[in-house]
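Owing to the predicted nature of the structure, the values given are computational and were not obtained by experimental measurement.
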Amino acid sequence: MMDDSISRKELFKKGFSFAGKAIGGGLVGGVAYSLLANRRYKQAFPEVPDNNVSLKKNGQSVLILGGGLAGVQAACELADRGFEVTILEKTAHAGGKLKTWKDRRFAKKYFPNGYSREHGLHGVWGFYKNLREFIGRHKIPLNVLPDNESFYYLIDAQGVRNKIRTVTWPTPLDRIQMIPNGIYVPSVEDLNKPAPGLGAAFRATMKLSGFDFTDDDQRLYLDSLTFYDWAKKVGVHDQMLRYYYEGMSDMALFLSTRECSALGLGNLIRLGATPSDTRVDFYQWPPDETVINPLLRHLEGKGGKILYNTEVTELVMQNGKISAVKTNQNLPAGKVRRCRVCGNLIYGGVEDHCPYCGADPSMIEVLPEQEKVPKTFQADHYILAMDIPGAKKLLINTDLARQHDYFRKIQSLSQATILCVNLLYENSDAWEKRFPSGTAWSAVDFFPTGYKLLGFTSNWSSVQIPGLKQKRVDLIEVQVSRWQEFIGKDFSYIAREVHKELKRVLPDLPEPTDFYINRWDTYTGYRPGDEANRPSVQSPVENLMLIGDWVFVPQHSIFMERTNVCAKWVTNLILEKAGMKEGKIEILESGTPDWQLSLLGLLTSVKA
């Protein structure tokens, strides 16, 4: 019963005072927790001492089918834990999307011993906590982007530019530092007036920032529609889609917002929801010398090995398990040429480049007769670590695909294609004039929006090979956003067309003196329905497991971070199968744990 001596007004005041103190105390406690807790997540390379082990040989063997980044990482983890590990790699180079090869034709004036050519520029996001733990443990150096530079520089064909500055303050103070980082989105009619409905864009970001990947309903809902359709349901204006989301989607997924699923772009937004986790560093160039070769030396030092030019062509089943794999079957007789980079066989006349991946002609070789001999390999455990096309080719028309929906669904997974045009400009200061060093508008890359051809564009002279900049050389890489328009076109024509549009951003560019083009259709697709078809690490066959950035794990991770999470996941799974209690890997969250995002997940819904 209420005391009549206390007025209703006083009661409200006391109630609000109590609630305010409770909320204030909770916020102070939450901020203090965010600032002081999870310290290892705030390290550039999180340290997990128990993950660094070297166990004696345990007598069990593992065959890894594919020498990409996922396979190499898994091989190192398993070799450290006493397993006899062998990698079977289809091509002549390990590393998958990080592989590097010598192009002895490109820019010979500057690289007389051959130019170390790779797929394209690869970023290492701050939220790659597990990958950063692994490369820190293996002392792999990164090319750290200076704090005064930013990865996020957006330039629209209408002339509007936005730069999201790199944050340097720790969580949760990084959000305060982000306040001045808003981007300007103009209306269609007048560049001096902001576009309407920006509140809807903020609401969309909040919805995705609170997204819980482990909730099947949320994840599969976002997987069921395109990002464009989801954003329009939320009310996001087309100008916001054009000025921000299109650039991010093209850079990260190699798809437009009308092609990629809401989950594809939503993953990136959620994992980068903590501002300090959005920073991007790069592998030091060339990555074969700084990343892949050191890891392979580590593997070999533990008794492991990698066999090149060894394509797995058959899985042999016996008593419901894999008993062996066969390689290099059914190769044509006579003179057969093969690309050392992508591993594809090439028929017909002499090519100026590999018709599949674009590698220079020095990478096309006649297949030695000894490599045509089929071989058989056996092990206790088998890990399929191929990309999607490789897995599809191996599994199609097999009894496994006929008997198990798990394997059948893999055939439905989509792939993304990337066409990278790299142009060499000599006696050039065009980039420096457009993006002056030491100013607020300096840049190592930019996200073009509203252009016909230009996708994510970077200057290797600024970020990876600064020696070129000192010689007044710009080496500019352009991810072509509409690669379909160039199907069947001559590479010289493609380079000319990209150069023409690049001059709209960099008007002082001279004519390019050299170029090369990479084409890959092996990247993981993020189209609607892909997530529902992703296989888990453990297959229905007890001794066959799958890993890669296209494989599902019940932990939120994407891209190269997913390859590392999968490698650690499969290592723990094999340790359990072997009955080993030592050596279990602690898998971190991808992204800094943050109570504010957890709270946001309780207050919002990804449903449009």
Side-chain angles (χ1 to χ4, degrees), residues 44 95 97-100 103 106-107 110-111 115-126 128 131-132 135 140-155 161-168 247-248 250-252 272 278-292 418 420-426 428-448 454-480 498 502 505-506 509 512 514-516 518 559-560:
K97 297 174 183 65
L98 265 189
K99 72 172 57 176
T100 311
D103 186 333
F106 177 74
Y110 304 101
F111 306 99
Y115 170 71
S116 294
R117 179 172 161 184
E118 54 174 307
H119 276 223
L121 184 66
H122 291 287
V124 181
W125 263 290
Y128 284 7
L131 179 61
R132 284 174 173 265
I135 63 180
I140 293 171
L142 289 183
N143 187 353
V144 178
L145 194 65
D147 290 342
N148 63 336
E149 289 289 0
S150 173
F151 181 70
Y152 306 95
Y153 194 133
L154 296 92
I155 298 180
R161 59 182 181 175
N162 289 282
K163 187 174 183 179
I164 302 175
R165 316 289 174 184
T166 299
V167 298
T168 56
M248 295 297 293
D250 175 76
M251 175 277 300
T278 62
R279 76 163 295 127
V280 177
D281 301 312
F282 305 100
Y283 293 105
Q284 286 191 4
W285 180 85
D288 59 338
E289 296 179 12
T290 63
V291 184
I292 301 303
I418 179 172
C420 272
V421 178
N422 296 260
L423 300 160
L424 186 81
Y425 297 95
E426 297 182 271
S428 171
D429 55 5
W431 189 280
E432 180 64 23
K433 282 185 177 180
R434 185 67 172 82
F435 309 112
S437 300
T439 70
W441 295 103
S442 64
V444 298
D445 60 65
F446 62 89
F447 295 52
L454 297 186
F456 177 72
T457 299
S458 57
N459 189 349
W460 285 67
S461 304
S462 296
V463 62
Q464 293 295 77
I465 318 175
L468 289 178
K469 185 176 183 180
Q470 297 167 9
K471 299 173 182 177
R472 298 187 65 234
V473 173
D474 285 325
L475 175 53
I476 299 176
E477 176 182 288
V478 178
Q479 286 180 196
V480 178
V498 171
L502 192 57
V505 182
L506 301 163
L509 278 175
D514 207 347
F515 74 91
Y516 68 86
N518 291 332
F559 311 148
M560 289 189 178

For the atom pair [atom1] ([X]) and [atom2] ([Y]), what is the distance rounded to the nearest 0.5 Å?
{"X": "Leu424", "Y": "Tyr110", "atom1": "CG", "atom2": "OH", "result": "6.5 Å"}
{"X": "Ile476", "Y": "Ser462", "atom1": "CD1", "atom2": "OG", "result": "8.5 Å"}
{"X": "Trp431", "Y": "Asp474", "atom1": "CH2", "atom2": "CG", "result": "8.0 Å"}
{"X": "Glu289", "Y": "Ser116", "atom1": "CD", "atom2": "OG", "result": "5.5 Å"}
{"X": "Glu118", "Y": "Lys99", "atom1": "CD", "atom2": "NZ", "result": "12.5 Å"}
{"X": "Arg117", "Y": "Phe111", "atom1": "CZ", "atom2": "CZ", "result": "13.0 Å"}

Does the [X] side chain pair with the main chain of [Y], one donor and one acceptor, at a distance under 3.5 Å?
{"X": "Arg132", "Y": "Trp125", "value": "yes"}
{"X": "Ser150", "Y": "Ile164", "value": "yes"}
{"X": "Ser461", "Y": "Val473", "value": "yes"}
{"X": "Tyr425", "Y": "Ala430", "value": "no"}
{"X": "Lys97", "Y": "His119", "value": "no"}
{"X": "Glu477", "Y": "Leu121", "value": "yes"}
{"X": "Thr166", "Y": "Glu149", "value": "yes"}

Kindly write out the residues that satisfy side-chain contact (heavy atoms from CB on, under 4.5 Å) with Gln284, not counting sequence neighbours, or none if the list is empty.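 Gln284 satisfies side-chain contact (heavy atoms from CB on, under 4.5 Å) with Pro141, Asn143, Thr290 once adjacent residues are dropped.
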Under the salt bridge (charged side-chain N to carboxylate O under 4.0 Å, His left out) test, which residues partner Glu432, sequence neighbours left out? Lys469
Under the salt bridge (charged side-chain N to carboxylate O under 4.0 Å, His left out) rule, collect the residues that match up with Arg279, sequence neighbours excluded.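 Arg279 satisfies salt bridge (charged side-chain N to carboxylate O under 4.0 Å, His left out) with Asp147, Asp281 only.
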Residues two or more places apart in sequence or in another chain: which of them pass ring-ring contact (aromatic ring centres under 6.0 Å, His included) with [X]?
{"X": "Phe456", "result": "Phe151, Phe447"}
{"X": "Tyr153", "result": "Phe435, Trp441"}
{"X": "Phe106", "result": "Tyr115, Tyr516"}

Smallest separation among heavy atoms of [X] and [Y], with atom names:
{"X": "Phe282", "Y": "His122", "answer": "CD2-O, 3.5 Å"}
{"X": "Pro287", "Y": "Thr100", "answer": "CG-OG1, 3.2 Å"}
{"X": "Gln479", "Y": "Cys420", "answer": "CG-SG, 3.9 Å"}
{"X": "Ser442", "Y": "Pro436", "answer": "CB-O, 3.2 Å"}
{"X": "Val478", "Y": "Leu454", "answer": "CG1-CD2, 3.8 Å"}
{"X": "Arg434", "Y": "Val505", "answer": "NE-O, 3.0 Å"}

Got Met251 and Asp445 here, is their nearest side-chain heavy-atom distance under 4.5 Å? no
Are side-chain heavy atoms of Val280 and Tyr152 found at a separation under 4.5 Å? yes
